[in-house]
Amino acid sequence: MEDKYLADSIESKWQKKWADEGSFRVVEVPEKEKYYLLEMFPYPSGNIHMGHVRNYTIGDVVARYKKMRGFNVLHPMGWDAFGMPAENAAIDNNTHPAAWTYANIDTMRSQLKRIGLSYDWDREIATCTPEYYRWEQWLFIQMVEKGMAYRKESYVNWCESCHTVLANEQVEDDCCWRCGETVQQKKLWQWFFRITDYADDLLVHCDKLGGWPDSVTTMQKNWIGKSVGSEVVFEVDGHEETLSVFTTRPDTLFGATFMCLAPEHPMVAQLSKGTDEEEAVARFVARILTQDRSSKAVESYEKEGAFTGAYCINPLTGFKMPIYAANFALMEYGTGAVMSVPAHDQRDFDFAQKYGLTVQVVVAPEGASLDSDTLTEAYTGPGVMVHSDRFDGMESGAAKDAITDYLEEKGIGKKTISFRLRDWGVSRQRYWGTPIPMIHCDTCGAVPVPESDLPIVLPEDAQLLESGGSPLGTLDYFTKATCPKCGNTHARRDTDTMDTFVESSWYFARYCCPDYTDGMVDKEKVAYWMPVDQYIGGVEHAILHLLYSRYFTRVMHDLGLVDFVEPFTRLLTQGMVTKETLTCPTHKWVLPSDTERDGDGAVSCKLCGEPVDVGRVIKMSKSKKNVIDPNTLLNRYGADTTRLFCLFAAPPEKDLEWNDEGVEGCFKFIGRVWRLVAGRVASFSGVEAYTGPAGELSGKSRELYTKINATIKKVTDDVEGKFHFNTAISAVMELVNSMYAMNGEASLRVDVMKRAVETVLLLLNPVAPHVTEELWETLSGTGLLMDQPWPEFREDALVSDEVLIVVQVNGKLRSKFNVPAGASKDEIQALALADEVVGKFIEGKDIRKVIVIPGKLVNIVI
RNA sequence: GCCCGGAUGGCGGAACUGGUAGACGCAAGGGACUUAAAAUCCCUCGGUCGCAAGACUGUACGAGUUCGAUUCUCGUUCCGGGUACCA
């Protein structure tokens, strides 16, 4: 064997062997326990970056580990291939989104293969293929037919100068990112999925997802945002119509002094009509509706409103409440109308101050009183009811129910539950996505495409950026359709495509049967493999992707396609790989590899020489160009070192600010392992590794044997459950260090040393599969290392007859000593008090207390 | 703004369930081998004071609980993620 570790030849040798032998191909084996390990599939943006390498390496180690543990492991990979970047690239580089996407897939596939990941490539999926999205279209139709999908009008960001719809990401400071024009809001008819029908179910199951991080389920619960409250009906002065509001504070109804409506609330125009305020209100609404309506933006705007000129009547006090249109009221939440109680809600208080509105205290904190005229901030806590007529003196919590019951009796209110979660809007006025399989007919309305016509294939020749609407609308032959219901030949096809989150909401099920042509999924295969036992991906998907996938699984369940409702049993949210962003005045975002750093740390652009601005540290993303191409590392050190380093750098759930210093150490470590074997191959020949009782060993052999078994235990514990590969690798490094330290010890048995070497290779195999396989081959010459069972540790090798006791005086470490393992509390205390060093600190002092934790420590309090 | 996280040596990180802070590695410094270099192997390495033994101090900041807090509670600062059309 070579003296020197040569990564390249070893890695290509084993990758070829695995591919030739189909080592990672799996089929259902009913008598074998399955393990479905899935990493979130990537968007094919061009190149694999370090975030991907980290994610996929983590997954690969788990997959290989579980395989060694005897599971039938499904470990697939594919491409989340529809999306906006393909269209942006098409516009910028004059390519076709499909050509760009497929080229990227080829590049990225070969990069992934080079990392030595254990995927069953026979199951590869690209969501942009008709074979995939036809089933999505099919499901869409089922959902329309079951009333799970519907159409309504809703707003999109619109750039008048580019004649195009903009994603939120494409809006910068309320302006179009391409041309700088101010962005408008445009109302369009769009498709929605009724995810709100499942709000309660999704919420309740959050607490049953024991294998998910609490942070994620908490975020999902907050996102769903269930609140219990009351719906209250208000009479409007001089109008027939009434206004309904949802409030979580019916106890404060006596203090409601004005009303706020969402700007798009249908009553706004109606109420202001013919009043002096009509024009001002119209101007206000028009202005607000040009603004970004995302919750992020809406929450950060200064609260403002416009008086509609109309009043409603507080049903309990008869107070004439002015009705405002307000920018913070959201049409999507509750009823789009908010009853405002300035004394007990800070936002309402600020609003009342700004517009000189009445403040009325109705809840006083226990044992105190509040004055409506001098109040400086809202009191939002619980308390005792005041100025609330018959409810005075009642505890405010109890008053919620009492007032609601009273309203219900009078027929002007009822207990209601409201969710923050909104229905999922899926229409996109874009080209590179799944065509929505619907036909619009003047007489029949929206009619599903007949199943026999599926898939509706995405045409290749649509023009981007020219239409003023959906690119597919530019194609006459595509748009023209015959109504499947009445035969009207002047019907029009829906020209929108679906949100790309739809594809990623069911791909995990399709991996079980990627070539199935008789339906969306093969029930039997899905029943064997699903649900996913371990899902791994970036924490940035904690809400949207994961919630949509949970929802879609419920839809598929209710349509009889699958027999489970939760798709992912365990979830590991991997921290992001982050890096500073670099911007050059002429080239905007620039790649780290396109910049140079001089001695003083100043950074300049290699393309133009201009100084580069070093910006914030954010997650690696193609659009911000703060990405590191793993090829540099792969070329220099190989896949095993790259994998080892990604895992060693930090535990998986933590963010990792990229810095490739340190990779050298991982490369050196592999070299150390290599030489450990290379120098001993001859001595091991014919020797069987020792796995017997520890009691038969003594001296260095016993010591090393203990270390071997402790390492197996440590690595297994770290990998199992926690996935803390960084500490697992540290433990193996320690074992290797011990082996070096015992080099040449006469009392060291060769069979124990061989056990040590084999253990290192077995434990390291999932992390560095190529080099360990190569070394295994030189050692034994038979079988694949990855097919060996994971090593078991021997309990008898771990028992120690002495334990270290540390002694503190007043909590400060002063001394330590060994005691026999079974030493009693009294014995330990006596030894501690008799300790020479301890004596110096306690001499002449009163001992107030002695705390003894057997096997651990003594703390003497003086 | 709101929701969810995070902060430990020059750097990445470790510390079980409240019990020795800094495992393992990088960088740095020193030594061995070599004609020399590379590679390799060995040693030192939070800060201050001290010749040393050692003492004091130290886990973003400020309080608190406790015999004992990196760990628990409250408050603050800064950083990251999400915020419904980036994926």
Side-chain angles (χ1 to χ4, degrees), chain A residues 4 40 42-43 45 80 83-85 88 156-157 165-171 195 213-216 218-223 225 294-301 328 332 347 420-430 499-501 504 538-545 547-548 573 575-576 578 616-619 621-624 645 648-651 653-657 659 661-666 668-669 671-672 675 717 724 726-727 729-734 737 740-741 743 804-816 848-851 853 856-862:
Chain A
K4 209 166 163 344
M40 291 179 185
Y43 177 78
S45 58
D80 187 13
M84 216 179 43
N88 291 332
V156 293
N157 297 312
V165 173
L166 299 177
N168 290 341
E169 190 195 41
Q170 298 174 307
V171 179
I195 188 172
D214 289 341
S215 58
V216 174
T218 305
M219 276 190 266
Q220 294 215 347
K221 284 190 225 171
N222 292 338
W223 183 260
S294 67
S295 52
K296 174 173 41 177
V298 170
E299 297 287 329
S300 60
Y301 292 142
F328 58 81
E332 293 92 349
R347 187 181 61 191
R420 208 187 73 97
L421 181 70
R422 307 200 298 256
D423 276 339
W424 177 11
V426 294
S427 293
R428 295 291 180 272
Q429 297 69 43
R430 303 193 192 290
D499 180 3
T500 56
F501 271 124
S504 54
V539 65
E540 69 269 29
H541 294 290
I543 297 176
L544 295 180
H545 162 60
L547 191 65
Y548 290 150
T573 46
M576 280 151 301
T578 60
R616 295 188 316 145
V617 174
I618 58 168
K619 73 165 167 170
S621 88
K622 170 113 174 161
S623 61
K624 302 291 189 292
F645 179 54
F648 185 61
E653 72 281 2
K654 242 191 103 160
D655 284 352
L656 180 59
E657 188 176 338
N659 173 354
E661 275 176 33
V663 65
E664 193 70 36
C666 290
K668 278 203 289 203
F669 172 64
R672 260 165 91 77
R675 286 187 300 278
D717 286 351
H724 278 195
N726 56 333
T727 48
I729 292 165
S730 293
V732 180
M733 285 175 169
E734 283 188 52
N737 288 346
Y740 267 89
N743 218 355
L804 182 71
I805 300 290
V806 298
V807 188
Q808 299 177 333
V809 178
N810 281 348
K812 284 187 185 175
L813 177 70
R814 295 304 181 186
S815 183
K816 42 183 130 179
R848 297 208 323 227
K849 202 171 175 186
V850 180
I851 289 127
I853 312 287
K856 275 259 158 72
L857 106 175
V858 179
N859 189 11
I860 301 164
V861 187
I862 53 175

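Everything numeric here is computed off the predicted structure, so don't read it as measured data. Chain identifiers are assigned alphabetically (A, B, ...) following the order of the sequence lines, protein sequences preceding nucleic acid strands; residue numbering begins at 1 within each chain. Basis for what follows: all heavy atoms, side chains included, without hydrogens, waters or symmetry-related copies.
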*For B:U65 and B:C74, measure between their P atoms and round to the nearest Å.*
15 Å

*asked:* Please classify the nucleic acid contact of A:Thr500 as base, sugar-phosphate, or nothing, using heavy-atom distances under 4.0 Å.
replied: sugar-phosphate

*For A:Lys654, answer base if it contacts any base atom (sugar-phosphate contacts may also be present), sugar-phosphate if it contacts only those atoms, and nothing otherwise; contact means non-hydrogen atoms under 4.0 Å.*
sugar-phosphate

_Rounding to an integer number of angstrom, what distance separates B:A37 and B:A32 when you compare their C1' atoms?_
15 Å

*Contact class for A:Ala649 (heavy atom, under 4.0 Å): base, sugar-phosphate, or nothing?*
sugar-phosphate

*Counting just side-chain N and O atoms, does A:Asn737 come under 4.0 Å of either OP1 or OP2 of B:G25?*
yes

*Measure from the side-chain heavy atoms of A:Pro85 and tell me the nearest of B:U20, B:C85, B:A87.*
B:A87

*With rounding to the nearest 0.5 Å, note down the distance linking NZ in A:Lys816 to CG in A:Leu857.*
12.0 Å

*Between B:C86, B:A21, B:A15, which one does the side chain of A:Leu813 approach most closely?*
B:A21

*What distance, rounded to whole Å, do you find between the two P atoms, one in B:G25 and one in B:A15?*
16 Å

*asked:* What's A:Trp223 touching, base or sugar-phosphate or nothing? Going by heavy atoms closer than 4.0 Å.
replied: base

*Without swapping roles, check the side chain of A:Lys849 against the backbone of A:Val861 for a donor-acceptor pair under 3.5 Å.*
no

*Using both pair distances under 3.5 Å as the test, note the stems of at least 3 consecutive Watson-Crick or G-U pairs that include RNA chain B.*
B:1-7 with B:77-83, B:10-12 with B:24-26, B:28-32 with B:40-44, B:46-49 with B:54-57, B:60-64 with B:72-76

*Which part of the nucleic acid, if any, lies within reach of A:Ile729 when heavy atoms closer than 4.0 Å are counted: base, sugar-phosphate only, or nothing?*
nothing

*asked:* Expressed as a whole number of angstroms, how long is the span from A:Glu299:CD to B:G82:P?
replied: 18 Å

*Classify the glycosidic conformation of B:G9 as syn or anti, calling it syn when the angle lies within 90° of 0.*
syn

*asked:* Applying a 4.0 Å non-hydrogen cut-off, can you work out what A:Arg814 is touching in the nucleic acid: base, sugar-phosphate, or nothing?
replied: sugar-phosphate

*Taking the nucleotide of RNA chain B with the closest heavy atom to each, which residue, A:Phe501 or A:Ser300, is nearer the 5' end?*
A:Ser300

*Could you tell me which non-hydrogen atom of A:Pro651 sits nearest to which non-hydrogen atom of A:Asn726, and how far apart they are?*
CD-ND2, 3.4 Å

*Can you tell me how far P of B:C86 sits from CG of A:Leu544, to the nearest Å?*
9 Å

*May I ask you to verify whether the side chain of A:Gln170 and the base of B:C85 hold a donor-acceptor pair under 3.5 Å?*
no

*According to a strict under-4.0 Å criterion, is A:Arg675 in side-chain N/O contact with OP1 or OP2 of B:C41?*
yes

*Tell me what A:His545 touches on the nucleic acid: a base, only sugar-phosphate, or nothing, going by heavy atoms under 4.0 Å.*
nothing

*Output the single nucleotide from B:U20, B:G12, B:G19 whose closest atom is nearest the side chain of A:Leu857.*
B:G19

_Can you measure A:Asp214 atom CG to B:G5 atom P for me and round it to whole angstrom units?_
8 Å

_At less than 4.0 Å, is any side-chain N or O atom of A:Lys221 found next to OP1 or OP2 of B:C4? Yes or no._
no

_Side chain of A:Ser295, heavy atoms from C-beta onward: which of B:A84, B:C41, B:A23 has the nearest atom to it?_
B:A84

*Within the structure, does a side-chain N or O atom of A:Arg428 lie under 4.0 Å from either OP1 or OP2 of B:C85?*
yes

*asked:* Roughly how many Å apart are B:C16 and B:U71, using the P atom of each and rounding to a whole number?
replied: 12 Å

*asked:* Just to be sure I understand the rule, does A:Phe648 reach a base, reach only the sugar-phosphate, or reach nothing, if contact means heavy atoms closer than 4.0 Å?
replied: base

*Using the C1' atom on both, measure B:G46 against B:G10 and round to a whole Å.*
10 Å

*Base, sugar-phosphate alone, or nothing: which one does A:Pro651 contact when heavy atoms must sit under 4.0 Å apart?*
sugar-phosphate

*Please state how far atom CD in A:Glu169 lies from atom C1' in B:G82, giving the value in whole angstrom units.*
14 Å

*Is the shortest heavy-atom distance from the side chain of A:Lys624 to the side chain of A:Arg616 under 4.5 Å?*
no

*Closest to the A:Thr727 side chain, choosing from B:A15, B:U20, B:G82*: B:A15

_Rounded C1' spacing from B:C3 to B:A84 in Å_ = 13 Å

_Nearest-angstrom distance, C1' atom, B:C78 to B:C61_ = 10 Å

*Among the nucleotides B:G5, B:C56, B:C85, which one has an atom lying closest to any side-chain atom of A:Val156?*
B:C85

_So does A:Val165 get a backbone contact from the side chain of A:Asn157, meaning a donor-acceptor N/O pair under 3.5 Å?_
no

*Looking only at side-chain atoms of A:Leu421, point me to the closest of B:A84, B:C24, B:A15.*
B:A84

_Spatial distance of atom CG (A:Asn222) from atom CG (A:Leu421) [nearest 0.5 Å]_ = 12.5 Å

*Once you round it to whole Å, what is the distance between P of B:C4 and CD of A:Glu540?*
19 Å

*Starting at CD of A:Gln808, measure out to OG of A:Ser815 and round the result to the nearest 0.5 Å.*
11.5 Å

*Roughly, in whole Å, what's the span from CZ in A:Phe669 to C1' in B:U40?*
16 Å

*asked:* Let me spell it out: for each of A:Ser621 and A:Thr218, pick the nucleotide of RNA chain B with the closest heavy atom. Which residue's pick is nearer the 5' end?
replied: A:Thr218

*asked:* For the OH atom of A:Tyr43 and the NZ atom of A:Lys622, what is their distance to the nearest 0.5 Å?
replied: 9.5 Å

*Is A:Asp80 reaching over with its side chain to a backbone N or O of A:Ser504, donor-acceptor style, under 3.5 angstrom?*
no

*Looking at CD1 of A:Ile860 and CD1 of A:Ile851, how far apart are the two atoms once the value is rounded to the nearest 0.5 Å?*
10.0 Å

*Just how far, in rounded Å, is P of B:G10 from CD of A:Glu661?*
15 Å

*Euclidean distance, A:Arg422 CZ relative to A:Trp223 CH2, rounded to 0.5 Å*: 7.0 Å

*A:Val298 near the nucleic acid: base, sugar-phosphate alone, or nothing, with a heavy-atom cut-off under 4.0 Å?*
nothing

_A:Tyr740 (side chain) donor-acceptor with A:Arg672 (main chain) under 3.5 angstrom_ = yes

*Do any side-chain nitrogens or oxygens of A:Ser730 fall under 4.0 Å of OP1 or OP2 in B:A14?*
no

*Which whole number of Å gives the distance between the C1' atom of B:A27 and that of B:C11?*
7 Å

*Taking protein heavy atoms under 4.0 Å as touching, what does nucleotides 58-80 of chain B look like 5' to 3' if B marks base contact, S marks sugar-phosphate-only contact and - marks none?*
---------BS-----------S

*To the nearest Å, give me how far apart OH (A:Tyr740) and P (B:C24) are.*
17 Å

*For A:Arg347 and B:G1, is the shortest distance between a side-chain N/O and OP1 or OP2 below 4.0 Å?*
no

*Does the A:Asp655 side chain pair with the main chain of A:Met576, one donor and one acceptor, at a distance under 3.5 Å?*
yes

*Got a sec, which residues hit salt bridge (charged side-chain N to carboxylate O under 4.0 Å, His left out) with A:Glu169, two or more places apart in sequence or on another chain?*
none

